[in-house]
Structures are given as structure tokens and as C-alpha cells.
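Read through the structure below, which is laid out as C-alpha cells, and then see the notes.
Note that this is a predicted model, so its numbers are computed, not measured. So you know, we letter chains A, B, ... as the sequences are listed, proteins then strands, and number each from 1.
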Amino acid sequence: MTETHPVTATVNGREETFEVEGLESLMDVLRDKLHLSGTKEGCREGECGACTVLLDGKPVNSCGYIARAAEGREIETIEGLNDALSMRIKTAIVEAGGIQCGYCTPGIVVMLSGLLRRHAAPDERLIRQALSGNICRCTGYAQIVDAVLGVVQGKAAAE
Amino acid sequence: MSADMDFLSLTSLAEALEKLRSYGADAVLVAGGTAARYQLVSGMVKAKVALHIERIDGAAGFSGNGTARLGALTTLRDIAEDADILSRFRAVAMAAGKCGGWQTQSIATAGGNVCTAAPTADLLPPLLVQDAEIELQSRARGGRTLGLGEFLLDAFKTARAPDEMATAFLLPAQPARSADTYVRIQRRGAMERPIIAVALRLAMDEGLKNVSEVRIAVSGAGALPFRATEAEALMAGNAPGKEAIRAAADAILARSSFRTDPRASASYRKAVLPRAFAHAVSICSDAIAANGA
Ligand SMILES: Cc1cc2nc3c(=O)[nH]c(=O)nc-3n(C[C@H](O)[C@H](O)[C@H](O)COP(=O)(O)OP(=O)(O)OC[C@H]3O[C@@H](n4cnc5c(N)ncnc54)[C@H](O)[C@@H]3O)c2cc1C
Ligand code: FES
Ligand code: FES
């Protein structure tokens, strides 16, 4: 049998300990061991962004991240993103028609939460740059970009 | 199988150098792991133990007036967004922002980019035109610095000794009336390796008429990115007009060897390199003129 190693990390605000093999990816641990299947598997090579999670607040492709490197760190998945900003992003994407099949959506919401935490008021160029690692086969991105611009303007108006 | 290897997370440089001393060639360093995990899982690189250096204290960041110091563990996203790097070494920031998506750049490091020595590694051309040095440290011999050109031996081969870790890059200050840029030819706007890339650093004389010094590095035209020194010598002292650009481009082509791969044919690379170079010259000339005005 393959040897496993315990890893302890904070996942969505809760301390979790899980057993990890060798260079197993964080994505496989989240989906198969913690049953957080909102993190989607697309390419397994860092190209599609479906598996995006926040690691200490930064967007990372969990398919390429060594789970053992996450020891002691803070991981946020789509299931845990229920703060006010993330909720505004989700609502705006739904209202703008930014979802069709939905497979890319969790990764996109996580990426956008990471973006808006780092840059409170990104312009369209920065939003498109930030989304360049998230592939959506359905929407054509325009509605998603509109949704983010709406969140940014709404935020500006509220302040 | 290498995927069953030991994995040690380290928090200090001293600890990392000590482990490197005891494991030597049996160890592989893992920073962001964006290249290393693939190399290990695929068996391309074999090792008994992975030394995880991503969270070592004090090895990230950009500092220094005059000669600047870029910590090896600085992430590519931090480099792409650093206002100081953008104003002083623009091409370095531009190149960092082109490596994969933000999800890759958030954890990928400068040290990992350079030490992989991949033929298309984006930080290599802009660091080469700055005459950057790499600082290597080992427990047994302390620190040493090497010019990047001496450090890079061949595709995926460097002069790093098995017990050494790269800790920083040193970038001398740019001269007055100079500008640098990075022109990267790619099929899509993002998420692509370059087909051809040119980094250029241009400095003009006091009248802003003639080139006082130019440095040119290209990738996609040989096993590794290289400095086109013959072309540099041809341009120095002349006005950066059409003729000088054409002569320099010919000198770059004379040093180049092109490959056909799924991204582009050799003949396309050969045809596009002179245009990428001319574009880089005009970007830098315009920037210098705008600053001088
Ligand atoms: C989807 C995707 C797209 C990518 N696109 C690009 C691209 O467009 N352009 C590009 O240039 N790269 C690209 N890369 C490759 C890679 O992400 C970069 O080269 C990155 O900078 C590597 O940094 P890292 O910290 O992840 O290195 P790691 O993967 O941790 O290490 C890479 C290598 O360097 C060694 N190493 C790391 N740090 C040190 C150190 N401090 N001292 C000595 N040796 C060290 C490791 O042992 C290993 O051999 C891409 C990768 C992915 C997954
Ligand atoms: S599954 Fe991770 S980037 Fe595609
Ligand atoms: S909605 Fe289908 S991939 Fe984006």
C-alpha cells in the first residue's frame, strides 16, 4: 500500500486533517477526501482554472498544487465563499446571464473573489487579464465581465 | 515511483541549505511547484526527497536603489504588479505577467522560472538584457554570484551545484535615457508559451540621436534564450533607423537556429523575429523620446 502522511490545514474556516500520498494534488484531496466537489476538475494541468481555490487568499490552481505543501495554511473553496463580496459576485453573475453549463463557474467565482480582494476597483482590462486562466466554453465571457463591472460600480456607489 | 518521495517543508534558509548539504543530488527543490510537480510526477526529474522552500522567510521581495535585488522566491504576480519593478525594469514585470494564468503566477517564483532553464522561460530574456547576476548559496561554500549567461548552460541545464539554492537576482541600475521592453509573439492573448520573444534595452546618447548602448536577448531562436552581441555592436553609435535595424536583425538571424513545433514552423519564426525586434526598438525609442520631451 502507498504510504500516506497527515496534513492539517484550515479549509473554509475549519481545521481539517487529511491523509495525503506523495505528490497528490490539493484538488484530489479536496474532492475525494473532503468531498468538496465544487472545486471542478478540467485539464489537470493548470490551463483551465476550473479547480481554482484561494490559498492564503491567493487564487491557485489546486490541480497542480502539492497537497503536502498546504500544511498549516488557509484554503478557501467555492463552498466556503459566503462573505458579502463573494455573494455579490455570485448574484451578479446569475443576473447578467454569465452561466450556461456552469462547469467553469466555481473556478471563476473563486478567481474573481481573489481579484476583488486584491484590487477593489479593477477596470475591464484587468478583469479580462485576471480571467485569462479560466476557460469558459459557453458564455463568451462578456456577461461575466459585465457582472464584475456591475459589482465594482455598485460598490463604488454604495461607498 | 518518485511520487512516493519524502517531502520536507522548510521555513528558514539555514535549514534549507543544511538539508541540501546532506541530501545533495538526491534532493529536488520545490518553490511554487508549478514546474517541479510535473517534472517529478512524469519522472523527468528523479529525487528521493523534495525540499519545499516556498515559505522560507526573507527570500521574497524587490529592494535596493542602484543595483536592485530581486528575491528568488518573489512570485511572478508580485513582480508583474510591483510599481517599482514596472518603472525600473519594465520588461521583467511584463514577462512575469505573461506566464500562465494568475493562478500560476500567484505561486510561481522567479527562482523557479530561471532555474528550470526552459527554452521558453519568460524571465530569461529580460534578465539577460539587464546583465543580471544570480546569487547562489550553499552551506559548505557560502555565497557566490554568476552572470546569468554563465549560469545557463543548455536547455534544462544550469551551473547550480547540487547543494546550492538560488537566493536572489541582482540587477544593475539602468543608464540615463534608456528604456526596456519585452515583445512576445504568441497565438492567443494569454495562456501560451512564446513562439518568439525579444527583450531589448536601448540607451540613447545625449542628443537622443544615436544609440549609446543596446542589449538584445531573444528566445525561440536556439536551445536557450541568448544575447545577440554581434547585433548589439552593429547598432551602437548609429541612429536606430531602418537600415541599422535591418543590419542588426540580419546579425540576430545569423546566430539563430529555428525549430518547427506544434506552435509554429521554423520559417514562421524566422520571418517574425526581425519584426518583433523592430517593434521592440520602436517601443523603446518612443519611450525614451517621451521621457526626454
Ligand atoms: C499552466 C502553466 C503555464 C505556464 N506558462 C509559463 C509561461 O508562459 N512562461 C514560463 O516561463 N513559464 C511558464 N510555466 C512554468 C512555470 O510556472 C514557471 O517557470 C515558474 O516560474 C516556475 O516557478 P516555481 O516556483 O513554480 O518553480 P518550481 O516548479 O518550484 O521549480 C522549478 C525548478 O526550479 C528549481 N528551483 C526552484 N526554486 C529554486 C531556487 N530558489 N534555487 C534553485 N533551484 C530552484 C526546482 O528544483 C525545479 O527544478 C507555466 C506552468 C504552468 C503550470
Ligand atoms: S483542472 Fe486545474 S487548471 Fe484545469
Ligand atoms: S458556462 Fe459552460 S464552461 Fe462556462
message: Could you check whether Arg73(A) pairs with Glu54(B) (Lys NZ or Arg NE/NH1/NH2 to Asp/Glu carboxylate O, under 4.0 Å)?
response: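 Looking at Arg73(A) and Glu54(B), the cut-off is met.
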Contact class of [X] relative to chain B, heavy atoms under 4.5 angstrom:
X	result
Ser25(A)	both
Arg128(A)	neither
Cys48(A)	neither
Glu47(A)	both

message: Tell me whether Arg188(B) at atom CZ has more than 12 heavy atoms from other residues, nucleotides or ligands lying less than 6.0 Å away.
response: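 Yes, enclosed.
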- prompt: Just wondering, more than 12 heavy atoms not from Lys40(A) lying within 6.0 Å of its NZ?
  reply: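 Yes, the 6.0 Å shell around NZ holds more than 12 heavy atoms from other groups.
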message: So if I take each residue of residues 82-109 of chain A and look for any heavy atom under 4.5 Å from a heavy atom in chain B, which residues do I end up with?
response: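 Contacts with chain B: none.
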Under 4.5 Å from any heavy atom of chain A - which part of [X]:
X	value
Glu81(B)	side chain
Ser106(B)	both
Arg55(B)	side chain

message: Do Glu71(A) and Ser9(B) pair up side chain to side chain, a donor and an acceptor below 3.5 Å, judged on atom types alone?
response: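 Side chains of Glu71(A) and Ser9(B): no pair found under 3.5 Å.
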pair [X]-[Y]: side-chain heavy atoms closer than 4.5 Å:
X	Y	value
Ile66(A)	His52(B)	no
Tyr38(B)	Glu45(A)	no
Leu115(A)	Trp102(B)	yes

- request: To the nearest 0.5 angstrom, please state how far the CG atom of Asn61(A) sits from the OG1 atom of Thr34(B).
  value: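 The CG atom of Asn61(A) sits 10.0 Å away from the OG1 atom of Thr34(B).
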- request: First locate atom SG of Cys51(A), then atom CD of Gln103(B), and finally report the distance between them rounded to the nearest 0.5 Å.
  value: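 It comes to 7.5 Å.
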Max heavy-atom pair count under 4.5 Å with chain B, selected residue of Gly64(A), Ala69(A), Ser132(A), Gly46(A):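 Greatest number of close heavy-atom pairs with chain B: Ala69(A).
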message: At a heavy-atom distance under 4.5 Å, which candidate from Met111(A), Arg118(A), His5(A), Lys58(A) has the highest pair count against chain B?
response: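 That would be Arg118(A).
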- request: Mark yes or no for whether Arg37(B), through its side chain, and Tyr65(A), through its backbone, hold a donor-acceptor pair below 3.5 Å.
  value: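 No.
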